[in-house]
**Q** 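Okay, here's the structure, questions in a sec.
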Number of protein chains: 2
Amino acid sequence: MENTTAVAALAALAQESRLAVFRLLVRNAPEGLTPGLIGEELDLPAPTLSFHLRTLAQAGLVTAVQEGRYVRYRAELPGIDALIAFLTEDCCAGNSKLCSPKG
Amino acid sequence: MENTTAVAALAALAQESRLAVFRLLVRNAPEGLTPGLIGEELDLPAPTLSFHLRTLAQAGLVTAVQEGRYVRYRAELPGIDALIAFLTEDCCAGNSKLCSPKG
DNA sequence: GCAATATTTCCATATTATTGGAAATATGGA
DNA sequence: TCCATATTTCCAATAATATGGAAATATTGC
């Protein structure tokens, strides 16, 4: 993973509303949710939510699929796995006895 | 973990230089490094690095210990573990068969 | 075609973060 | 005490981001 890619993903998550949206989609994986349901659950205005969903999608943390007049957003679990691996890469110079992270 | 705490940690990591500093400290866990060495390795001016280290420390991702005229910074591995767990909490509503993340 | 609903784009405002030179502070050694 | 080194604080310029109302776009059912 590129440093730049990781920064984009972390920046996408580093915002209260977006983090809440992402975690809601993680809990509701793998089916996903529509913006209407997300906005209702988290009490977010549609334009604000749309902006945040786009940011998460550009960072590769969620995917969007058009379903008729709805759009289904899903957490991209491999994306978050890759980010987690990147954060703890080569931890303790590879000496796993010294490290708590699983990576 | 509080939503606010997680946002602070993610924001701390969502910056190119800080992410590089953090990952360098992860690789050099558990001994840690001094700002002088970090700045040399990553080619960062001292005031800029000091600002970034303080941000990481406030987010609970690194710790600082004074050692004579040096300061030793270390990656706070339990902190990153907690953040990772928070991101994937209750993934797929707890149905681990559907989920890739280890959490 | 028309009305209702879902979602996004436009846009102006407000807020917050990043940068690094210069100066301040702190420690250790001679 | 005085000097060299390590680190931080001060500060001002610059840049990036979040917010939500109004309007635009898209889809479905009638």
Side-chain angles (χ1 to χ4, degrees), chain A residues 3-25 28 31-76, chain B residues 3-25 28 31-76:
Chain A
N3 205 296
T4 306
T5 309
V7 168
L10 290 162
L13 294 171
Q15 204 280 341
E16 187 145 341
S17 298
R18 274 198 302 266
L19 181 56
V21 169
F22 177 76
R23 298 215 313 144
L24 181 60
L25 288 174
N28 287 277
E31 324 89 60
L33 295 170
T34 63
L37 292 170
I38 298 169
E40 196 173 329
E41 175 76 22
L42 300 179
D43 197 30
L44 291 172
T48 300
L49 177 56
S50 183
F51 167 77
H52 288 317
L53 284 168
R54 185 158 58 91
T55 304
L56 286 168
Q58 284 174 343
L61 292 169
V62 307
T63 57
V65 174
Q66 191 84 34
E67 290 188 358
R69 96 175 95 175
Y70 300 86
V71 178
R72 182 164 296 270
Y73 281 89
R74 290 187 175 88
E76 182 70 12
Chain B
N3 205 295
T4 307
T5 308
V7 168
L10 290 162
L13 293 172
Q15 204 281 341
E16 187 145 341
S17 297
R18 274 198 302 267
L19 182 55
V21 168
F22 177 76
R23 297 215 314 144
L24 181 60
L25 288 175
N28 286 276
E31 324 88 58
L33 294 169
T34 62
L37 291 170
I38 299 170
E40 196 174 328
E41 176 76 21
L42 301 178
D43 197 28
L44 290 172
T48 299
L49 178 55
S50 182
F51 167 77
H52 288 318
L53 284 169
R54 185 158 60 91
T55 304
L56 287 167
Q58 283 174 344
L61 293 169
V62 307
T63 57
V65 174
Q66 191 84 34
E67 291 188 357
R69 93 175 98 173
Y70 300 86
V71 177
R72 182 164 295 270
Y73 280 90
R74 291 186 173 88
E76 181 69 12

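Naming: A, B, ... by sequence-line order, numbering from 1 per chain. Heavy atoms only: backbone and side chains are in, while hydrogens, waters and symmetry mates are out.
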**Q** Nearest-Å distance, CG (B:L19) to C1' (C:dA17)?
**A** 17 Å

**Q** Between atom CD of B:E41 and atom CG of B:L49, what is the distance when rounded to the nearest 0.5 Å?
**A** 12.0 Å

**Q** Where each residue is assigned the nucleotide of DNA chain C containing its nearest heavy atom, which of A:P35 and B:S17 is assigned the position nearer the 5′ end?
**A** A:P35

**Q** Could you tell me whether the phosphate oxygens of C:dT8, OP1 or OP2, come under 4.0 Å of any side-chain nitrogen or oxygen in A:Y73?
**A**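 So the side-chain polar atoms of A:Y73 do come within 4.0 Å of the phosphate oxygens OP1 or OP2 of C:dT8, strictly under.
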
**Q** In this structure, how many angstroms lie between the C1' atom of C:dT8 and the CG atom of A:L53, rounded?
**A**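 One finds 11 Å between C1' of C:dT8 and CG of A:L53, rounded.
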
**Q** For nucleotides 22-30 of chain C, read 5' to 3', which letter fits each nucleotide if B means a protein heavy atom sits under 4.0 Å from the base, S means only the sugar-phosphate is that close, and - means neither?
**A** B----BS--

**Q** Out of curiosity, B:L42 CG to B:E16 CD, how far, rounded to the nearest 0.5 Å?
**A** 10.5 Å

**Q** Could you check whether B:T55 gets within reach of a base, just the sugar-phosphate, or nothing at all, counting any heavy atom under 4.0 Å?
**A** nothing

**Q** Assign each of A:Y70 and A:H52 to its nearest nucleotide of DNA chain D by heavy atoms, then name whichever residue's nucleotide is nearer the 5' end.
**A** A:H52

**Q** Identify the residue among A:L13, A:L53, A:L33 that makes a side-chain contact (heavy atoms from CB on, under 4.5 Å) with A:V21.
**A** A:L53

**Q** Given atom CD of A:Q15 and atom P of C:dA17, what is their separation to the nearest angstrom?
**A**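 Rounding to the nearest Å, CD of A:Q15 and P of C:dA17 are 12 Å apart.
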
**Q** Could you give the CZ-to-P distance, from B:R72 to D:dA6, as a whole number of Å?
**A**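 Spelled out: CZ on B:R72 to P on D:dA6 is 14 Å.
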
**Q** If we fit an axis to the first five pairs and another to the last five of the helix from C:dG1-D:dC30 to C:dA30-D:dT1, what angle do they make, to the nearest 10°?
**A** 30°

**Q** Please list all pairs passing the side-chain hydrogen bond (donor to acceptor under 3.5 Å, both in side chains) test where one or both residues lie in residues 60-74 of chain A, with sequence neighbours left out.
**A**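 Non-adjacent pairs meeting side-chain hydrogen bond (donor to acceptor under 3.5 Å, both in side chains): A:E67-A:R72.
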
**Q** Would you mind reading off the distance between A:L56 atom CG and D:dT17 atom P, rounded to a whole angstrom?
**A**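 After rounding, the gap between these two atoms is 14 Å.
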
**Q** Using atom CG of B:D43 as one end and atom C1' of C:dG20 as the other, report the distance to the nearest whole Å.
**A**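 The answer, rounded to whole Å, is 13 Å.
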
**Q** Under the side-chain contact (heavy atoms from CB on, under 4.5 Å) rule, what do B:S17 and B:L44 come out as? Steps first, then yes or no, please.
**A** CA-CA 8 Å; B:S17 297; B:L44 290 172; 3.7 Å; yes

**Q** Could you check B:L25 against B:L61 for side-chain contact (heavy atoms from CB on, under 4.5 Å), going step by step and ending with a plain yes or no?
**A** CA-CA 10 Å; B:L25 288 175; B:L61 293 169; over 6 Å; no

**Q** Test side-chain contact (heavy atoms from CB on, under 4.5 Å) on A:H52 and A:F22; report intermediate values, then the result.
**A** CA-CA 10 Å; A:H52 288 317; A:F22 177 76; over 6 Å; no

**Q** Which part of the nucleic acid, if any, lies within reach of A:R18 when heavy atoms closer than 4.0 Å are counted: base, sugar-phosphate only, or nothing?
**A** sugar-phosphate

**Q** Just how far, in rounded Å, is P of C:dT19 from CZ of B:R54?
**A** 14 Å

